[in-house]
There are 4 protein chains.
Amino acid sequence: MKKGKRELILEAAVHVFSSKGYHNARMEEIAAVAGIGKGTIYEYFPSKLQLFQDMLNKSLQVYYQNFNPEEMKQLPVEQRLRIIFETHIKFCRDNKELTRLVFWDSDVFDQELREWIYTQRQEKEERVVEIIEEGMARGELRELDPMLVKVLLTGSVAAMWAPITLDGWEIAPEVLARDVTDILMNGLKK
Amino acid sequence: MKKGKRELILEAAVHVFSSKGYHNARMEEIAAVAGIGKGTIYEYFPSKLQLFQDMLNKSLQVYYQNFNPEEMKQLPVEQRLRIIFETHIKFCRDNKELTRLVFWDSDVFDQELREWIYTQRQEKEERVVEIIEEGMARGELRELDPMLVKVLLTGSVAAMWAPITLDGWEIAPEVLARDVTDILMNGLKK
Amino acid sequence: MKKGKRELILEAAVHVFSSKGYHNARMEEIAAVAGIGKGTIYEYFPSKLQLFQDMLNKSLQVYYQNFNPEEMKQLPVEQRLRIIFETHIKFCRDNKELTRLVFWDSDVFDQELREWIYTQRQEKEERVVEIIEEGMARGELRELDPMLVKVLLTGSVAAMWAPITLDGWEIAPEVLARDVTDILMNGLKK
Amino acid sequence: MKKGKRELILEAAVHVFSSKGYHNARMEEIAAVAGIGKGTIYEYFPSKLQLFQDMLNKSLQVYYQNFNPEEMKQLPVEQRLRIIFETHIKFCRDNKELTRLVFWDSDVFDQELREWIYTQRQEKEERVVEIIEEGMARGELRELDPMLVKVLLTGSVAAMWAPITLDGWEIAPEVLARDVTDILMNGLKK
DNA sequence: CATGAATGAGACTTCATTCAT
DNA sequence: CATGAATGAAGTCTCATTCAT
């Protein structure tokens with residue numbers, strides 16, 4: 001089954017953008033990694049920036065495919081949070097390069113693009129807010145500012161990327177997810 | 001009161017690097033913002049990269065000056081965390097541009113520099129780990145993996161930047177710090 | 001008959017470097033003379049310095065192609081010297097610009113490069129020494145310090161460049177070569 | 001006896017221009033070597049180019065001071081040539097740096113300046129022509145094209161610079177001058 | 001007179017993008 | 001469709017020269 005050229009380019013883009021960063025990535029290298037000619041990229045993507053955005057979009061979709069909100073609807077909030085954490089951690093572990101781009105990079109082009117990336121993240125975070133609000137409605141959670149809780153949760157999630165990919169923090173995703181959920185649900189206090 | 005040229009350039013660098021990102025910032029613009037000639041920057045900094053690093057270093061120092069670890073030694077862990085959060089939030093609010101650089105940007109040059117930035121962050125985080133370990137020793141906190149707690153706390157802290165600076169989330173730093181501390185200490189569960 | 005781009009650039013480089021000198025030659029002008037874009041040069045040569053060195057090397061090769069040492073082996077030393085002189089003079093006359101670079105310029109970059117050029121010249125001069133030594137061995141020449149004779153001969157050769165190219169000294173190469181050889185062989189004394 | 005600033009600058013210029021070449025010499029370094037401020041040079045010389053030319057002029061004067069044409073008038077041509085060679089060789093040996101500039105460098109600025117340097121050299125060479133013509137008039141030399149002889153002599157002289165300064169060819173100036181004169185007067189032929 | 005901080009024109013070089021093959 | 005040779009805009013950095021002190 002031959003892979004489509006577009007697919008090939010996107011994969012190469014993930015590797016090169018991730019290891020070099022947006023500005024230090026060269027179109028020529030992406031083409032080389034994809035095993036095609038430099039000009040061919042422009043048959044599928046109008047510009048470097050668009051290639052980067054499309055790649056990011058596609059990566060976020062891959063990320064979201066891991067979650068299955070419908071299936072989780074029945075579960076209690078605590079368990080749902082744990083699943084989200086676990087899924088995220090596993091994704092980080094298995095897609096180290098890609099994760100950096102999705103959750104960290106921001107020095108790409110200008111304010112405009114930065115806000116676009118921020119918007120992308122917000123969409124993801126909406127789902128967390130939904131869970132939180134439902135948890136409160138069901139009485140499983142204390143009544144708190146949902147915005148505040150969202151920030152806490154997503155921040156915790158995002159922060160896990162660095163030690164896992166940079167330090168090689170080897171911890172079983174199941175254990176990590178369980179412990180984080182435990183702390184967030186029950187607090188640090190003895 | 002005449003400002004030193006070096007100081008002037010560093011301030012201009014914060015503005016321009018923050019709004020444009022490292023690669024899209026042009027030396028000429030930094031000079032223009034500083035109100036000096038293009039070549040003058042090179043009298044004080046040998047290269048664009050060095051200017052960026054010096055500026056980041058100085059910014060981190062400014063950030064740390066806000067914390068006074070000695071004074072806090074006597075306080076209970078909960079209160080110390082609250083002070084850290086509050087100080088951080090105020091700093092974000094008052095130095096929106098700068099904060100983005102210190103806590104977010106990572107696509108600057110190559111892997112080497114990325115690791116340098118990561119190392120800088122780790123130093124900061126060491127302080128948080130100390131507090132956590134002391135809290136456990138004193139019996140104020142549950143016995144947990146300090147690494148895990150550190151990630152949770154620093155992640156929560158870092159995550160607060162975005163809504164404050166990008167969305168203009170207007171919430172009193174005191175309230176936000178109190179609520180975050182409350183959740184982390186006592187958990188989300190009802 | 002389409003010329004290779006590389007060839008085209010080297011030719012343009014000879015013209016521009018010769019008339020402007022290394023440092024005053026601008027890459028843009030070389031490109032213009034070659035009838036190509038500025039960036040194209042860098043597809044064939046990694047830097048200005050390398051272009052200069054490659055051009056010099058190639059020029060020296062062209063110069064050496066004019067000599068055919070094997071064919072000359074049978075001739076008496078006097079005749080061989082005359083042939084060398086004549087060939088050199090004709091080359092100067094036909095490649096005025098190039099000659100200056102090969103035999104005169106030395107203020108290019110630093111000591112290191114200067115020594116490289118000097119080494120290039122020495123190789124050429126080795127051939128003269130061989131002829132001299134053979135002449136002595138055959139008894140055609142007086143017993144003299146070969147180094148001394150080499151300096152004399154190569155100096156005489158090199159010195160002919162200036163009046164020919166700068167003053168337009170119009171003298172038949174055959175006559176000039178014959179007279180120089182005559183003097184060197186038989187002396188100035190009446 | 002305090003040296004004049006102008007003198008100081010010229011001396012520094014000789015050292016720096018000689019070791020770095022015209023284009024790689026920086027005004028700041030010349031000032032440093034002279035032990036004065038960068039701006040002071042411009043009190044005495046209007047530009048880098050003028051400083052270079054003045055320095056070259058002065059150096060040529062120093063060179064000429066070594067010759068005393070009046071005293072030599074009575075001597076036979078052979079002896080006068082030997083004296084000229086010997087004086088030249090000693091000067092090379094004692095002023096290695098300076099000699100390179102005077103007799104070799106040509107990649108300074110453009111065609112115009114190159115011709116200026118060439119003119120300077122010609123003046124020097126006029127003296128040689130005079131000697132030759134006198135020698136012929138006196139019947140000490142064969143009747144030859146004086147231009148040709150001049151080229152031969154000055155070329156031989158100039159060529160001695162390289163092995164002396166670059167290779168450290170250690171030969172007594174008296175011996176070298178004697179041998180060169182001998183060859184040129186009596187020829188290479190056995 | 002002397003200085004050296006400031007300047008900005010100008011050079012080399014990179015690399016996203018185009019387009020003839 | 002695919003290619004990669006060609007392009008030139010744009011960026012960093014150097015350094016001769018100026019001028020306020």
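Proteins come first, then strands; the chains are lettered A, B, ... in the order of their sequence lines, and each starts at number 1.
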Original post:
Would one find a side-chain N or O of C:Lys5 under 4.0 angstrom from OP1 or OP2 of F:dA5?
Top reply: no
Original post:
Which string of ( ) [ ] | and . matches DNA chain F, if you list each base 5' to 3' and count Watson-Crick or G-U pairs only when both distances are under 3.5 Å?
Top reply: .||||||||||||||||||||
Subject >> Atom-pair distance (CD1 on A:Ile9; P on F:dT3), nearest Å >> reply: 9 Å
Original post:
Under a 4.0 Å N-O cut-off, is there an ion pair linking D:Glu43 with D:Lys5?
Top reply: no
**OP:** Sugar-phosphate atoms are those with a prime plus P, OP1 and OP2; base atoms are the rest. Using that split, label each nucleotide of nucleotides 16-21 of chain E B, S or - for protein heavy atoms under 4.0 Å, 5' to 3'.
**Re:** SBB---
**OP:** Could you state the atom-to-atom distance from CG of D:Leu51 to C1' of F:dC15 in whole Å?
**Re:** 15 Å
Original post:
How is A:Tyr44 classified with respect to the nucleic acid when contacts are heavy atoms under 4.0 Å: base, sugar-phosphate, or nothing?
Top reply: sugar-phosphate
Subject >> A:Met55 side chain reached by A:Ile30 side chain, heavy atoms, under 4.5 Å >> reply: no
Original post:
Is the Lys NZ or Arg CZ of A:Lys48 less than 6.0 Å from the centre of A:Phe17's six-membered ring, within 45° of the axis?
Top reply: no
**OP:** Map A:Thr40 and C:Ile41 onto DNA chain F by nearest heavy atom, then report which one ends up closer to the 5' terminus.
**Re:** A:Thr40
Original post:
How close or far is atom C1' of E:dA2 from atom CZ of D:Phe45, stated in whole angstroms?
Top reply: 16 Å
Original post:
Out of curiosity, C:Glu29 CD to C:His15 NE2, how far, rounded to the nearest 0.5 Å?
Top reply: 11.5 Å
**OP:** Flag the pair B:Val62 / B:Asn95 as yes when at least one side-chain heavy-atom distance between them is below 4.5 Å, and no otherwise.
**Re:** no
Original post:
Which whole-number value in Å describes the distance from B:Glu29 CD to F:dA10 C1'?
Top reply: 14 Å
Original post:
Is there a side-chain contact between C:Leu10 and C:Phe45 (heavy atoms, below 4.5 Å)?
Top reply: yes
Original post:
Would you say C:Tyr22's side chain and C:Leu49's backbone share a donor-acceptor pair under 3.5 angstrom?
Top reply: yes
Subject >> Ring geometry between A:His23 and B:His23 (parallel below 30°, tilted from 30 to 60°, perpendicular above 60°) >> reply: parallel
